[in-house]
K.L.:
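Handing you this structure, nothing more for now.
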Amino acid sequence: MADHYDVQRAETRWQQRWIDEGTYQIENDDPRPPYYVLSMYPYPSGQAHQGHVRNYTFGDVLVRFRTMQGFGVLSPFGFDSFGLPAENAAIKGGAHPLEYTEARIAELKASVLRLGAVYDWRREIRSHDPEYIRFNQVIFTHLFKNDLAYRKGGLVNWCPGCQTVLANEQVESDGTCERSHDIVERRSLEQWFLRITNYADDLLDAIEDLDWPERVKTMQRNWIGRSEGARINFVVEGHSDTTIEVYTTRPDTGFGATYLVLAPEHPLVESCTTLEQTAEVDLLKTLASTESDIERQSTEGALEKRGAFTGSYAINPFNGARIPIYIADYVLASYGTGAIMAVPAEDERDFEFAKIYGLPIIETVERPPELGEGAYAGDGRHINSGFLDGLRIAEAKSRAIDWLEEKGVGTRSVQYRLRDWLISRQRYWGCPIPIVYCETDGVVAVPEDQLPILLPTDVEFLPTGESPLKKHEGFLHTTCPTCGGPARRETDTMDTFVDSSWYFLRFTDPFNSATPVNFEAARNFMPVDQYIGGITHAIMHLLYARFFTRALGDVGLSPAEITEPFSQLFCQGMIRLGGKAMSKSRGNVISPNDYFASVGADALRLFHLFVGPPIEDIDWGDQTDEIIDGCSRYLRRVWRLATDDDSTEDAVVADAKDPATETALLKKTMHQVIMKVTDDIGRYGFNTAVAECMSLTNAITRAIRTDVERPQIDEAIDVLLRLLAPMVPHLTAEAYEVRHGEHIHQQPWPIADPALAADDRVIMAAQVNGKLRDRIEVDAQITEEDAIAVGMASPLVLAALDGKTPKRIIAKPPRLVNFVC
RNA sequence: GCCCGGGUGGCGGAAUGGUAGACGCGGUGGACUCAAAAUCCACUAUCUGAAAGGGUGUGCGGGUUCGACUCCCGCCCCGGGCACCA
């Protein structure tokens, strides 16, 4: 009868119902315990790809699972809708970024809906909405007034391809842009920064307690890069009023500092350079300033380390030695003090430099005798180091710092690799920075009641990529909010990572139009219980979001006690095609829409859940379609079991098994599977959860074949449907409705009875010398003595013993006995 | 160079130190059918054997243990991250 399951009809019908009935809408005063599941909101790039499908399927399983468990689940969705692709499309002669973006959103949203992932769509956020822009700007002005946003000139990363500056985080280690892969240039420009470095320590220390993947935590720790050491002042010979401050993590090696090196951009370079050395120094300065980061950071061979002698000398405060001052491009102006004391015996870079320039090398740490030439950074007793002699590194370090502080020539100091976040972008399609420049009042934040500053739509996109805001007279010219005089608007827009740094807070109450964050709602739902997304955001987005959550609390825009945004983070594996990450920019995308049309959303979801551990990468290969077909076949089988009493029996030859035993077996299996699936879903073990459901399905089939009573079979089928409901929502909903006329996703999650899940008979392994010789069915309650007796009675065991008497017997009833000779 | 992952049948993958290969894909054989599709049943690591059984087997080499895919030491290979940050 109900043999035919109309995938398309059922799936679209249920998707409509979940929306119409508001099944997954949640009110802020919902009485159930709150649970917040969030998949990283996407950049709207058009129809979904398999990475989206994977991400949203995982999130959806959790949303439905926790709902059935009785939680009030917050499951919102939005779009990270500012960004370069829309603007680039406009430049190439396409539609205006606004139209372009909204069209892409419509496509992506359609795919997400067709997947059957459920959200409270009333809470949808789009970064480019005027309301969201307004709150972004409110946040910016608060940060500005609290000195967390500031303007600073200096060398910044410029991407010629993107026609904008980039944050440090957006430059790859090879000096290329993470978006366009162009070589990033250095330009001296004034830009807007956010003071993330104020939070460096806090961001670092709090990592420890996060339930995040270890590799993400490590990446964040490395990125923040805390190091402890000292700042030490070196007096320049002949200029007793000029000192060069260096930063070092090895103050204990001060007696081995045989020269100083300044970054070419260091402010004291000029005054230290003697007349004779001017030409050489200038040459290096020019070279360093025109070099790309690639060249400058090249580690290819020692000769690449270019340096120049300034002609001046400094006095080493440790031993009074007169040591030369060099400049070299391997010293970075932006880290520490932009100057180092070089200790060639204990630092590899200094060693190479010293070799090339013939500088003295003084060992200050005793090294292992077998070590050849080169720097030694390991531990050992100090030598040639005056009052530090005989001490090991840790002790020598703290003594050296004490001594420096006593003498007033140095201080303990902590440094970070992390730099302030450069957020201004010279592009159009982003949130305008709400600042005006007035001749009288200088840099003025636009008052909140005059926000939002919206993007003008009557703009012309130039092929150069230059922001049209710079040429838009109507946008440019304004009046100063303070004095009313003529003023010029800031034309830079914000990095889109600003938008994504607080959207999860906004989701807790996007209906409130007074403030960015409703404190009460945020307190109720934050932090996000399960945050799901790609590993690609390990540093940028996740670090910025952690920073914003703290900063917003500090400027009074969100509850200060909420410091961490995401208590648990799950990073799903990538999808590869032909060995490469599947991505739109590579053009190797397999569209999910084709699968929706052929096998349906449930089968595609089941595939993603079943194919392997969610954390691992998957290869989209020749076999993939066969596995998806297998998933589709499995679902049809579940449908037949659930809806058709007769057809299964047709083709079946009843086995001659005892129905009573089989009934007990079915019940036991059912309770075991409930336990396993519940546990698996809770820890992202979706692949094994599906496998368990398949096992239960097999057990039901067997039960039917062995004439188990119908009520027991029906109970097992209902449990199976409920266990599958979070993973395969459409088919299970349809089947449950056919069976009971009720909505499965409003049913409670099955509860296992551990007593019924327990085995009463088990197979015991009988080993001789650790080798398996026999498997014997025994009572689960078997005693140690009986287990040994049963094992000894086995002909196979006896044969393996070959007449010998066991010297030792290890019995772990009821699983194993091992006879050791 | 440093730091993380990972290496298990033909394939995707299971296994709190205790029966390696759950579950699925593929394959082989069978049932149903005029036939096919669909469905159902059985088998499917490998060598050996008619079978019962036996040998081998979780990247390689050692070790701990009655017992190791699992723990320890040393390697090899693959993937990813970081890499002049003083």
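Below, chains carry the letters A, B, ... as their sequence lines are ordered, and counting in each starts from 1. Please read these numbers as outputs of a predicted model, since none were measured by experiment.
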K.L.:
Categorize A:R417 for me: base, sugar-phosphate, or nothing, with a 4.0 angstrom heavy-atom threshold over every strand shown.
P.N.:
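A:R417: base contact, heavy atoms under 4.0 Å.
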
K.L.:
Give me the distances for all protein-to-nucleotides 64-71 of chain B N/O pairs that come in under 3.5 Å?
P.N.:
unit_1, atom_1, unit_2, atom_2, d
B:C66, OP1, A:R808, NH1, 2.9
B:C66, O2', A:N818, ND2, 3.4
B:C66, O2, A:N818, ND2, 2.6

K.L.:
Considering only atom C1', compute the distance from B:A31 to B:A38 and round it to an integer number of Å.
P.N.:
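Here B:A31 and B:A38 have their C1' atoms 14 Å from each other.
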
K.L.:
Which residues pass the salt bridge (charged side-chain N to carboxylate O under 4.0 Å, His left out) test with A:D625, not counting sequence neighbours?
P.N.:
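Salt bridge (charged side-chain N to carboxylate O under 4.0 Å, His left out) list for A:D625, sorted by chain: empty.
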
K.L.:
At under 4.0 Å between heavy atoms, how does the protein contact nucleotides 49-57 of chain B? Give one character per nucleotide, 5' to 3', with B, S or -.
P.N.:
----SSSS-

K.L.:
Please state the C1' separation for the pair B:G63 and B:C43 - nearest whole angstrom.
P.N.:
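It comes out at 40 Å once rounded to the nearest Å.
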
K.L.:
Assign each of A:M341 and A:D629 to its nearest nucleotide of RNA chain B by heavy atoms, then name whichever residue's nucleotide is nearer the 5' end.
P.N.:
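Result of the comparison: A:D629.
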
K.L.:
Checking side-chain contact (heavy atoms from CB on, under 4.5 Å) against A:I700, which of A:N698, A:L696, A:T697 comes through?
P.N.:
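The single option meeting the side-chain contact (heavy atoms from CB on, under 4.5 Å) with A:I700 is A:L696.
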
K.L.:
With P as the reference atom in both, quote the distance from B:G74 to B:G5 in angstrom, rounded to an integer.
P.N.:
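It comes out at 16 Å once rounded to the nearest Å.
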
K.L.:
With sequence neighbours excluded, tell me which residues meet side chain to side chain contact (heavy atoms under 4.5 Å, CB included) with A:A787.
P.N.:
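Side chain to side chain contact (heavy atoms under 4.5 Å, CB included) list for A:A787, sorted by chain: A:M764, A:I782, A:P813, A:V817.
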
K.L.:
Got more than 12 heavy atoms from elsewhere within 6.0 Å of NZ, A:K668?
P.N.:
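Above 12, so yes.
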
K.L.:
Could you give the CH2-to-P distance, from A:W223 to B:G81, as a whole number of Å?
P.N.:
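Checked: the CH2 to P distance equals 13 Å.
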
K.L.:
How would you label the contact of A:S227 with the nucleic acid (heavy atoms, under 4.0 Å): base, sugar-phosphate, or nothing?
P.N.:
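A:S227: backbone/sugar contact only, no base atoms under 4.0 Å.
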
K.L.:
Do the side-chain N or O atoms of A:Y247 get closer than 4.0 angstrom to the phosphate oxygens (OP1, OP2) of B:A86?
P.N.:
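It does not, given that no N or O in the side chain of A:Y247 lies less than 4.0 Å from OP1 or OP2 of B:A86.
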
K.L.:
Show your reasoning for whether side chain to side chain donor-acceptor pair (under 3.5 Å) applies to A:R637 and A:T701.
P.N.:
CA-CA 10 Å; A:R637 193 174 148 215; A:T701 305; 3.0 Å; yes

K.L.:
Heavy atoms under 4.0 Å is the rule here; annotate nucleotides 9-14 of chain B 5' to 3' with B where the base is hit, S where only the sugar-phosphate is, and - elsewhere.
P.N.:
-BBBSS

K.L.:
Between B:U64 and B:G13, how far is it from one C1' atom to the other, in whole Å?
P.N.:
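Straight-line distance between the two C1' atoms is 30 Å.
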
K.L.:
Checking A:V611 now: which residues fulfil side chain to side chain contact (heavy atoms under 4.5 Å, CB included) with it, not counting sequence neighbours?
P.N.:
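A:V611: side chain to side chain contact (heavy atoms under 4.5 Å, CB included) contacts with A:R54, A:F607, A:I618.
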
K.L.:
Check whether NZ of the Lys or CZ of the Arg A:R576 lies under 6.0 Å from the centre of the six-membered ring of A:W620 and within 45 degrees of that ring's axis.
P.N.:
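That pair does not qualify as a cation-pi contact.
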
K.L.:
Check the distance between B:C4's P and A:I539's CD1 and give it to me in whole angstrom.
P.N.:
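So the CD1-P distance, A:I539 to B:C4, works out to 16 Å.
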
K.L.:
Is there a side-chain contact between A:R633 and the phosphate of B:G26, meaning an N or O under 4.0 Å from OP1 or OP2?
P.N.:
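For A:R633, the contact criterion (side-chain N or O under 4.0 Å from OP1 or OP2 of B:G26) is met.
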
K.L.:
Taking atom C1' in both B:U19 and B:C34, compute the distance separating them and give it to the nearest angstrom.
P.N.:
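Looking at atom C1' only, B:U19 and B:C34 are 48 Å apart.
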
K.L.:
Going by the glycosidic torsion and a 90 degree boundary from 0, is the base of B:G9 oriented syn or anti?
P.N.:
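What B:G9 shows is a syn base, its glycosidic angle lying within 90° of 0.
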
K.L.:
For B:A38, does either OP1 or OP2 sit under 4.0 Å from a side-chain N or O belonging to A:R637?
P.N.:
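So the side-chain polar atoms of A:R637 never come under 4.0 Å of the phosphate oxygens OP1 or OP2 of B:A38.
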
K.L.:
Applying ring-ring contact (aromatic ring centres under 6.0 Å, His included), can you list everything that pairs with A:F58, at least two apart in sequence or on another chain?
P.N.:
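A:F58: ring-ring contact (aromatic ring centres under 6.0 Å, His included) contacts with A:F686.
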
K.L.:
Compare the minimum distances between each of B:U19, B:G24, B:A86 and the side chain of A:N698, then state the nucleotide with the smallest one.
P.N.:
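The nucleotide sitting nearest to the side chain is B:G24.
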
K.L.:
How far does the P atom of B:G7 sit from the matching atom of B:A42, given to the nearest Å?
P.N.:
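After rounding to an integer number of Å, I get 32 Å for this pair.
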
K.L.:
Which residue lies toward the 5' end of RNA chain B, A:I535 or A:V690, if each is placed at its nearest nucleotide?
P.N.:
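Final value for this comparison: A:V690.
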
K.L.:
Can you tell me the distance, in whole Å, between the CE atom of A:M574 and the C1' atom of B:G79?
P.N.:
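Distance check: A:M574 CE to B:G79 C1' gives 8 Å.
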
K.L.:
Quick one: which residue pairs count as a side-chain hydrogen bond (donor to acceptor under 3.5 Å, both in side chains) with a foot in residues 810-821 of chain A, not counting sequence neighbours?
P.N.:
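Non-adjacent pairs meeting side-chain hydrogen bond (donor to acceptor under 3.5 Å, both in side chains): zero.
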
K.L.:
Both atom distances under 3.5 Å, Watson-Crick or G-U wobble: I'd like the secondary structure of RNA chain B as a dot-bracket string, with | for pairs made across strands.
P.N.:
(((((((..(((.....[....)))((((((.......))))))((((....))))..(((((..]....))))))))))))....

K.L.:
Measure CD1/A:I356 against P/B:C84 and give the value in whole Å, please.
P.N.:
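The distance from CD1 of A:I356 to P of B:C84 comes to 17 Å, rounded to the nearest Å.
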
K.L.:
Nearest whole angstrom, please: distance from the P of B:G26 to the CD1 of A:I628.
P.N.:
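It is 12 Å, rounded to the nearest whole Å.
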
K.L.:
Under the side chain to side chain contact (heavy atoms under 4.5 Å, CB included) test, which residues partner A:V414, sequence neighbours left out?
P.N.:
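Side chain to side chain contact (heavy atoms under 4.5 Å, CB included) list for A:V414, sorted by chain: A:R226, A:E228, A:Y416.
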
K.L.:
Under 4.0 Å between any heavy atoms, over every strand shown, what does A:G225 touch: base, sugar-phosphate, or nothing? Just pick one.
P.N.:
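The residue A:G225 makes no contact with any strand.
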
K.L.:
Does a side-chain N or O of A:R636 approach OP1 or OP2 of B:A38 to a distance below 4.0 Å, or not?
P.N.:
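No, because none of the side-chain N or O atoms of A:R636 sits under 4.0 Å from OP1 or OP2 of B:A38.
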
K.L.:
Tell me the side-chain hydrogen bond (donor to acceptor under 3.5 Å, both in side chains) pairs involving residues 761-776 of chain A, sequence neighbours left out?
P.N.:
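side-chain hydrogen bond (donor to acceptor under 3.5 Å, both in side chains) check on residues 761-776 of chain A returns A:R761-A:E777, A:D774-A:S794.
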
K.L.:
Roughly how far apart, to the nearest Å, are B:U48 and B:G10 at atom P?
P.N.:
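Per the computed distance, 15 Å lies between those P atoms.
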
K.L.:
One pair to check against side chain to side chain donor-acceptor pair (under 3.5 Å): A:Y335 and A:S227. What are the steps and the verdict?
P.N.:
CA-CA 11 Å; A:Y335 185 78; A:S227 82; 3.2 Å; yes

K.L.:
Is any side-chain N of the basic residue among A:R633 and A:D629 closer than 4.0 Å to the acidic one's carboxylate O?
P.N.:
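Looking at A:D629 together with A:R633, the answer is no, because their closest N to O distance does not fall below 4.0 Å.
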
K.L.:
A:R231 CZ to B:A86 C1': how many Å, rounded?
P.N.:
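Computing the A:R231:CZ to B:A86:C1' distance gives 13 Å.
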
K.L.:
Give a yes-or-no answer on whether the side chains of A:S334 and A:R419 include a donor-acceptor pair shorter than 3.5 Å.
P.N.:
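Judged by distance alone, the side chains do pair up.
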
K.L.:
Using whole Å, report how far CG of A:N222 lies from P of B:G5.
P.N.:
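It is 13 Å, rounded to the nearest whole Å.
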
K.L.:
Round to the nearest Å and state the distance from A:Y416 atom OH to B:A86 atom C1'.
P.N.:
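It is 17 Å, rounded to the nearest whole Å.
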
K.L.:
Looking at A:D602 and A:L731, would you say the former's side chain and the latter's main chain have a donor-acceptor pair under 3.5 Å?
P.N.:
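Yes, because the side chain of A:D602 sits within donor-acceptor range (under 3.5 Å) of the backbone of A:L731.
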
K.L.:
Take atom C1' in B:G12 and the same atom in B:U65, then report the distance between them in whole Å.
P.N.:
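About 33 Å, rounded to a whole number of Å.
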
K.L.:
Tell me the side-chain hydrogen bond (donor to acceptor under 3.5 Å, both in side chains) pairs involving residues 249-264 of chain A, sequence neighbours left out?
P.N.:
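Listed by first then second residue: A:R250-A:D252, A:D252-A:H382.
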
